[in-house]
Amino acid sequence: MLDERLQEEYIKILKEELMPAMGCTEPIALAYAGAKVRETLGRMPERVVAKCSGNIIKNVRCVVIPNTDGMVGIESGVMAGIVGGDASKCMEVLLGMTPETIAQTKRMIQQGICQVEFLDSPIPLHILLELYAGEESATIEIKHAHTNITKITKNGETVFENDSDDGSSYSYADRSLLSIEGIKNFADEVDIALIREMLDKQILCNMNIAYEGMSKDYGLGIGRIIKASYPDSVVTRMKYYAAAASEARMGGCDMPVVINSGSGNQGITSSVPVIVYAREMDICQEKLYRALAFSNLLTVYQKEFIGKLSAFCGAVSASCSSGAAVTYLAGGSLEDIKNTIENTLADIPGIICDGAKISCAAKIATSLDAALMSHYMAMQGKVYQADTGILKDEVGQTISSVGYIGREGMRQTDKEIIRIMLSK
C-alpha cells in the first residue's frame, strides 16, 4: 500500500525537477539571471560584470545558445538574457528573442560591455551578475540550482534575499524519503492521473527533439552514425534517439527539453530510451508512465548524492536509471532492478564531465550501452557482488558511495579539468 505522504512528496519532487528548458541549462541560467537583474535595474546597462564558478564556465563555453543565431559563450548568454530575455519564462527565458534583440545583443557584446570573471567559489553552480548604468546598479546571485536566486540588490540595497544560503529553500519536497523500494512502490501504485500531464510533456518534448536530431545536421550527426553502423535492434534505436536528442540540444536547437536534476541531457537520457523501448516492445501507455516515474525519480535519487554540477558525468546516473527502468518494463523483480543498478555502477562510475558540448551525445550512447548490458546481465541472474570495487551490501549504499566520489573525491579532478579547458 502506497503511503500518502510518500506519494505526495514524490509527486512534488517530479514537479520540481521535470521542467521545460531551452538549450543547455547553464547558459540559460545566465540568461535568466540577466533578464531578472535587468528588471531590477529598470534600464539597459552600460557595463556588466559576470562572475561565474568553474562549472558554469565549463558548461557554457562550447554550446550554442538557442534563439541567438548561433551565439556561444558566457557573454552571449548573459547579454541575450539582459536584452531580450523574459524572466517569467524561467528556463525558457529566451523564447521571445527576435532578430532585433539578437542584433542588439551582438552589438553590445562587440562594444565590450560584458566582462567575465572567474568566481572562486566552493559552490559548483554559482553566478553573480553586476549591472551598472550611470549612478545606478543592480546585482543578482544564484547558487546551487539554476533558478535559485539567493540575493538581489539595487543601488547597494537588498531587495530580495533567500532565507537560506545552502540551497535548501529552493526545494520544498523531502528528498530524504527517496529509496529504491519507495520509488518502485510509487511507480507501481501511484494514480496515473496525478503524473500524466507532466510525463506527457516529457514524452512530447524529448521525443520531438530526438526526431529533430535524427533529421537535421547537428554536431557530428552521431545519432545517424549509430543507426547506419550498428545492427538494427531496440538497443541501437534507444542509443541513437537519445544521442540525437542531446546533440540537437547541444547544437543550438530551440526546441524545449524536459530536464531532470537541472540537466537537459539527464532529462533526455532518463526518458527517451525508456519511451523507445516501451514503444518497440508494444508496452501499454500506463506501464510507460510508471517506468518514466521510476526512471526520473531514480535519477534524482542518484544526483542528490552528487550535486547538480560536478566532475562526474550525469549521463552515467541517468543511463543507470534508464537501464533499471527497462528492467522494470521487462517484468523484473525489485532484486533484478537493484542488480541492474549495481552492475551499471560497477562498470562506468568514472566518466568525467568536461563540460557541456556535442560529445555529450557520445557519452550518453556509451553509458546506455553499459546500462542495457547491465539489464541483460541482471535478467539472467548475474550481478557483481558486494565489495567488488566500490560496491556495497545494499544498492542505496553503493549509490551513496558513488555520489561521494563524484561530490568530494573528484573535486580536484574538477579543478584540473577546468584548468586544462581554460589553458591556451
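Computed from a prediction, not measured in an experiment: that's the story for all the values here.
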A.B. asks: Could you tell me whether Glu181 and Lys184 have a side-chain N and a carboxylate O separated by less than 4.0 Å?
C.D. replies: no
A.B. asks: Given side chains that start at C-beta, do those of Leu30 and Ile56 come closer than 4.5 Å, heavy atoms only?
C.D. replies: yes
A.B. asks: Is a donor on one side and an acceptor on the other found under 3.5 Å between the side chain of Ser359 and the backbone of Ala362?
C.D. replies: no
A.B. asks: Write down the atom of Ala243, the atom of Ile226, and the distance for their closest heavy-atom approach.
C.D. replies: CB-CD1, 4.2 Å
A.B. asks: State plainly whether the residues Asp282 and Arg279 are in salt-bridge range, i.e. N to O under 4.0 Å.
C.D. replies: no
A.B. asks: Begin with the C-alpha distance, continue with both residues' side-chain angles, and end with the deciding distance and a verdict on side chain to side chain contact (heavy atoms under 4.5 Å, CB included) for Lys51 and Phe118.
C.D. replies: CA-CA 6 Å; Lys51 300 178 181 179; Phe118 172 64; over 6 Å; no
A.B. asks: Do Asp174 and Arg5 sit within salt-bridge range, that is, some charged N less than 4.0 Å from a carboxylate O?
C.D. replies: yes
A.B. asks: Any luck finding a side-chain donor-acceptor pair between Glu117 and Gln115 under 3.5 Å?
C.D. replies: yes
A.B. asks: Salt bridge check, Arg411 against Asp414: does any charged N sit closer than 4.0 Å to a carboxylate O?
C.D. replies: no
A.B. asks: Does Lys227 form a salt bridge (Lys or Arg N to Asp or Glu O under 4.0 Å) with Asp232? I'd like the steps, not just the answer.
C.D. replies: CA-CA 7 Å; Lys227 182 179 182 180; Asp232 185 44; over 6 Å; no
A.B. asks: To check you understand the geometry: which heavy-atom pair defines the closest contact between Met250 and Cys24, and what is its length?
C.D. replies: CE-CB, 3.8 Å
A.B. asks: Does some side-chain heavy atom of Val257 sit less than 4.5 Å from a side-chain heavy atom of Pro20?
C.D. replies: no
A.B. asks: Could you tell me whether Glu197 and Lys201 have a side-chain N and a carboxylate O separated by less than 4.0 Å?
C.D. replies: no
A.B. asks: Using the side chain to side chain donor-acceptor pair (under 3.5 Å) definition, which of the options Thr344, Asn343, Asp369 pairs with Ser374?
C.D. replies: Thr344
A.B. asks: Check step by step if side chain to side chain donor-acceptor pair (under 3.5 Å) holds for Ser322 and Ser319.
C.D. replies: CA-CA 5 Å; Ser322 271; Ser319 294; over 6 Å; no
A.B. asks: Is the charged tip of Lys287 near the ring of Tyr328: under 6.0 Å from the six-membered ring centre and within 45° of its axis?
C.D. replies: yes
A.B. asks: Is the closest basic N to carboxylate O distance between Asp354 and Lys363 below 4.0 Å?
C.D. replies: yes
A.B. asks: Can a donor-acceptor pair be found, under 3.5 Å and without considering hydrogens, that links the side chain of Asp347 to the backbone of Ala370?
C.D. replies: no
A.B. asks: Looking only at heavy atoms, what is the nearest atom pair of Thr147 and Cys90, with distance?
C.D. replies: CG2-SG, 3.7 Å
A.B. asks: Before you tell me yes or no, could you show the steps for Asn55 and Glu26 under side chain to side chain donor-acceptor pair (under 3.5 Å), namely the whole-Å CA-CA distance, both residues' side-chain angles and the distance that decides it to 0.1 Å?
C.D. replies: CA-CA 9 Å; Asn55 271 270; Glu26 279 69 55; over 6 Å; no
A.B. asks: Of all the heavy-atom pairs spanning Gly314 and Gln266, show the shortest one and how long it is.
C.D. replies: CA-OE1, 3.1 Å
A.B. asks: Got a donor-acceptor contact below 3.5 angstrom from the Asn185 side chain to the Gly182 backbone?
C.D. replies: no
A.B. asks: Could you tell me if Glu100 and Gln104 have a donor-acceptor pair between their side chains, going purely by distance under 3.5 Å?
C.D. replies: no
A.B. asks: Would you say the side-chain atoms of Thr25 pair up with the backbone N or O of Gly262, donor to acceptor, closer than 3.5 Å?
C.D. replies: yes
A.B. asks: Ile149 versus Glu141: any side-chain heavy-atom pair under 4.5 Å?
C.D. replies: no
A.B. asks: Any heavy-atom pair between the side chains of His126 and Leu309 that's under 4.5 Å?
C.D. replies: no
A.B. asks: Any ion pair linking Asp217 and Arg224 (charged N to carboxylate O, less than 4.0 Å)?
C.D. replies: yes
A.B. asks: Return yes when atom CD of Glu394 has more than 12 non-hydrogen atoms of other residues, nucleotides or ligands closer than 6.0 Å, and no otherwise.
C.D. replies: no
A.B. asks: Where the side chain of Asn206 meets the backbone of Gly267, is there a donor-acceptor pair that is under 3.5 Å apart?
C.D. replies: yes
A.B. asks: Tell me, with the steps shown, if Val276 and Tyr240 meet side chain to side chain contact (heavy atoms under 4.5 Å, CB included).
C.D. replies: CA-CA 10 Å; Val276 172; Tyr240 70 63; over 6 Å; no
A.B. asks: Please check if atom OH in Tyr404 has more than 12 non-hydrogen atoms from other residues, nucleotides or ligands closer than 6.0 Å.
C.D. replies: no
A.B. asks: For the backbone of Gly355 and the side chain of Lys357, can you confirm whether one donor and one acceptor N or O come within less than 3.5 Å of each other?
C.D. replies: yes
A.B. asks: If you measure from CD1 on Ile11 to CD on Glu16, what distance do you get to the nearest 0.5 Å?
C.D. replies: 12.5 Å
A.B. asks: How far apart are the closest heavy atoms of Ala35 and Ala87, and which atoms are they?
C.D. replies: CB-N, 3.8 Å
A.B. asks: Is there side-chain contact between Met198 and Leu14, with at least one heavy-atom pair below 4.5 Å?
C.D. replies: yes
A.B. asks: Between Phe312 and Ile352, does the side chain to side chain contact (heavy atoms under 4.5 Å, CB included) criterion hold? Intermediate values first, please.
C.D. replies: CA-CA 5 Å; Phe312 187 97; Ile352 64 167; over 6 Å; no
A.B. asks: Restricting to side chain to side chain donor-acceptor pair (under 3.5 Å), what partner residues turn up for Tyr241, sequence neighbours left out?
C.D. replies: none
A.B. asks: Begin from the C-alpha positions of Asn265 and Ser246 and carry the test side chain to side chain donor-acceptor pair (under 3.5 Å) through to its verdict.
C.D. replies: CA-CA 6 Å; Asn265 280 341; Ser246 171; 2.9 Å; yes
A.B. asks: Apply side chain to side chain contact (heavy atoms under 4.5 Å, CB included) to the pair Thr139 and Lys151, showing each step before the final yes or no.
C.D. replies: CA-CA 8 Å; Thr139 70; Lys151 191 173 184 179; 5.9 Å; no
A.B. asks: Among Val383, Thr327, Ile180, which residue meets the side chain to side chain contact (heavy atoms under 4.5 Å, CB included) test with Ile341?
C.D. replies: Ile180
A.B. asks: Is Lys239 close enough and on-axis enough to Tyr230, meaning under 6.0 Å and within 45°, for cation-pi?
C.D. replies: yes
A.B. asks: Can you tell me if Ser310 uses its side chain to pair, donor with acceptor, with the backbone of Gly307 under 3.5 Å?
C.D. replies: no
A.B. asks: Heavy-atom distance under 4.5 Å between the side chains of Arg61 and Val72, does that happen here?
C.D. replies: no
A.B. asks: Side chains of Ile192 and Gln285: does their closest heavy-atom pair fall under 4.5 Å?
C.D. replies: no
A.B. asks: Any salt bridge between Arg290 and Asp188, counting N to O under 4.0 Å?
C.D. replies: no
A.B. asks: Would you say the side-chain atoms of Glu189 pair up with the backbone N or O of Leu2, donor to acceptor, closer than 3.5 Å?
C.D. replies: yes
A.B. asks: Could you tell me whether the side chain of Pro66 reaches within less than 4.5 Å of the side chain of Met22, counting heavy atoms only?
C.D. replies: yes
A.B. asks: Does a side-chain N-to-carboxylate-O contact under 4.0 Å join Arg175 and Glu9?
C.D. replies: no
A.B. asks: What are the two closest non-hydrogen atoms of Ile13 and Ala173, and how far apart are they?
C.D. replies: CG1-CB, 3.5 Å
A.B. asks: Taking atom types as modelled and ignoring hydrogens, do the side chains of Asn296 and Gln202 form a donor-acceptor contact shorter than 3.5 angstrom?
C.D. replies: yes
A.B. asks: So does Lys308 pair up with Glu17, basic N to acidic O under 4.0 Å?
C.D. replies: yes
A.B. asks: Might you work through the side chain to side chain donor-acceptor pair (under 3.5 Å) test for Ser295 and Ser321, ending with a clear yes or no?
C.D. replies: CA-CA 5 Å; Ser295 184; Ser321 299; 4.9 Å; no
A.B. asks: Would you give the length of the straight line joining atom NZ of Lys303 to atom CD1 of Ile399, rounded to the nearest 0.5 angstrom?
C.D. replies: 13.0 Å
A.B. asks: Are any side-chain N or O atoms of Arg38 and backbone N or O atoms of Ile82, one a donor and one an acceptor, separated by less than 3.5 Å?
C.D. replies: yes
